[in-house]
2 protein chains.
Amino acid sequence: MRADARRNVEGIRRAALDVFRTGGLTTPLDEVARAAGVSKGTIYHRFGSRTGLIDAVVDELVAARIHEIIDAVDALEGPLLRFEQYLLRTWLLQFDEPAANDVLIRSLPDSEPLTCLFDRACHFGTQLLTDAQAAGVVRADITPEDLNNLILERGVIVRACNQQTRADYHRRLDFTLRGLRTHR
Amino acid sequence: MRADARRNVEGIRRAALDVFRTGGLTTPLDEVARAAGVSKGTIYHRFGSRTGLIDAVVDELVAARIHEIIDAVDALEGPLLRFEQYLLRTWLLQFDEPAANDVLIRSLPDSEPLTCLFDRACHFGTQLLTDAQAAGVVRADITPEDLNNLILERGVIVRACNQQTRADYHRRLDFTLRGLRTHR
DNA sequence: TACGTTCTTGACCATGCAGTCAAGTACCGA
DNA sequence: TCGGTACTTGACTGCATGGTCAAGAACGTA
């Protein structure tokens, strides 16, 4: 690969990271091209498709964030705390990072590393749910699909041009969490 | 107005009711035109704009449904029951009638009758919330804006190509409702 | 029936996006 | 320095939408 081509590929990757970070993975590729100082054609030539470009950046962009959550929650004690913190942190990530949200709600043609990432998170959540239910602190009638749906819903909400402040968003998450606990 | 014109206006209105009922108020006007057996131009000539057409059908299409809810809830006793039934019925309406949902989430340039309809529902909800809070059965930290937001969120969710069955949707609404009640 | 007025048509413009490719440009080794 | 190959460009097609308007069709009255 020629020197200028290598430079361009790196430039596009960096531009994509930047643009996707703030705008999500569905941002028009023209914007990435403009940010990288190349033409759209170059992106397609180098990465094949939007999906190809996403694959090339998704790890650096999103994977770390999701693994952070899993690790942080894994360090906590108590089934209710673990379950609720997992949801809470995921929901906040969805608010803060449109790109992570796109992965979590699968708003894209499933690429391989993306699907893998999603499945890992999904599996972890299911385990937390099961544990919390076994301990009797979370409603027994919640299914793994419900959990999945709770994250999906939040993603859709965040996406639809959210005008609420982060503080309000955060405060309201507590309403939803309370509805999942068991009560006498 | 000529006889054929009057016939067309009626046909368009009926087609719009039909098409909007199933597809929501943002359905392409070409579809309405096709269903009415006229060209798109005729709709614009007769109703001025999409908003004009909506104004001409929104009452027959949506107003009745929303008033039904208000009346039904108003006949109930008990602040918690009233509050929860209002939310529940509204959320189900949003699932069942995309057009009503469009009104509730204000996904359109606000036309006058539409705004009026929305405000009425909003005001009624606020009253129910206040009553329920005064009775101590609903969390005191919920604001009227939160209530509004709960409906908005549900609307956005329903809109984003919902694959869940009505039964699942209904079942999951209970999670959210539970989160609004007071608990020791 | 004939003609002016009302009405309708559908091709047209504009916008915003994905994705492609022939033609032109830039690199780099000989 | 030169030439061939690698690379880039940006104009193009295609699609879906909202909305417009000159020209032709239909009505209904005289």
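- Rounding to whole angstrom units, CD1 of residue B/Ile43 and P of D/dT20 are separated by 13 Å.
- Note on B/Glu10 versus B/Arg7: no salt bridge recorded, every NZ/NE/NH1/NH2 to OD/OE distance being 4.0 Å or above.
- Scanning atom types as modelled, no donor and acceptor separated by under 3.5 angstrom connect the side chain of B/Lys40 and the base of C/dG10.
- Heavy-atom neighbours of A/His67 NE2 from other residues, nucleotides or ligands within 6.0 Å: above the threshold of 12.
- A/Tyr44 has no side-chain polar atom (N or O) that falls below the 4.0 Å cut-off from OP1 or OP2 of C/dT20.
- Checking D/dT9, C/dT9, C/dA26 against the side-chain heavy atoms of A/Asp4 singles out C/dA26 as nearest.
- The nearest pair of heavy atoms linking A/Ala36 to A/Gly11 is CB-O, 3.9 Å.
- Taking atom CZ on A/Arg34 and atom P on C/dA18, their separation rounds to 12 Å, with Å as the unit.
- In terms of position on DNA chain D, the residue among B/Arg2 and B/Gly41 whose nearest nucleotide sits closer to the 5' end is B/Gly41.
- Between B/Asp30 atom CG and C/dT9 atom C1' the separation is 14 Å, expressed in whole Å.
- Residue B/Arg6 contributes atom CZ, which lies 12 Å from atom C1' of D/dG28 at whole-angstrom precision.
- In the set C/dT8, C/dC27, D/dG28, D/dG28 carries the atom at the smallest distance from any side-chain atom of B/Ala3.
- Of the listed nucleotides (C/dT9, D/dT9, C/dA26), C/dT9 has the atom at the smallest distance from the side chain of B/Ser39.
- Separating the CZ atom of A/Arg7 from the C1' atom of C/dA26 is a distance of 10 Å, rounded to the nearest angstrom.
- Note on ring orientation: taking the six-membered ring where Trp is involved, the planes of B/Tyr169 and B/Phe95 are tilted (angle from 30° to 60°).
- Each of C/dT9, C/dA18, D/dT8 was ranked by its minimum atom distance to the side chain of A/Pro28; first place goes to C/dA18.
- Close to C/dT9, at under 4.0 Å from its OP1 or OP2, lies a side-chain N or O of B/Thr42.
- Checked by distance alone, A/Arg50 brings no side-chain donor or acceptor within 3.5 Å of a matching partner on the base of C/dA18.
- Counting non-hydrogen atoms of other residues, nucleotides and ligands closer than 6.0 Å to CZ of A/Arg106 gives a total above 12.
- If you check C/dA18, C/dC7, D/dC7 against the side chain of B/Ala5, the one that comes closest is C/dC7.
- Nucleic acid contact class of A/Arg46 (heavy atoms, under 4.0 Å, all strands): sugar-phosphate only.
- Rounded to a whole Å, the CG atom of A/Asn8 is 12 Å from the C1' atom of D/dA6.
- Counting to the nearest Å, the P atom of C/dA23 and the NE2 atom of A/His45 are 17 Å from each other.
- At whole-Å resolution of the value, CZ in A/Phe47 and C1' in D/dC7 are 14 Å apart.
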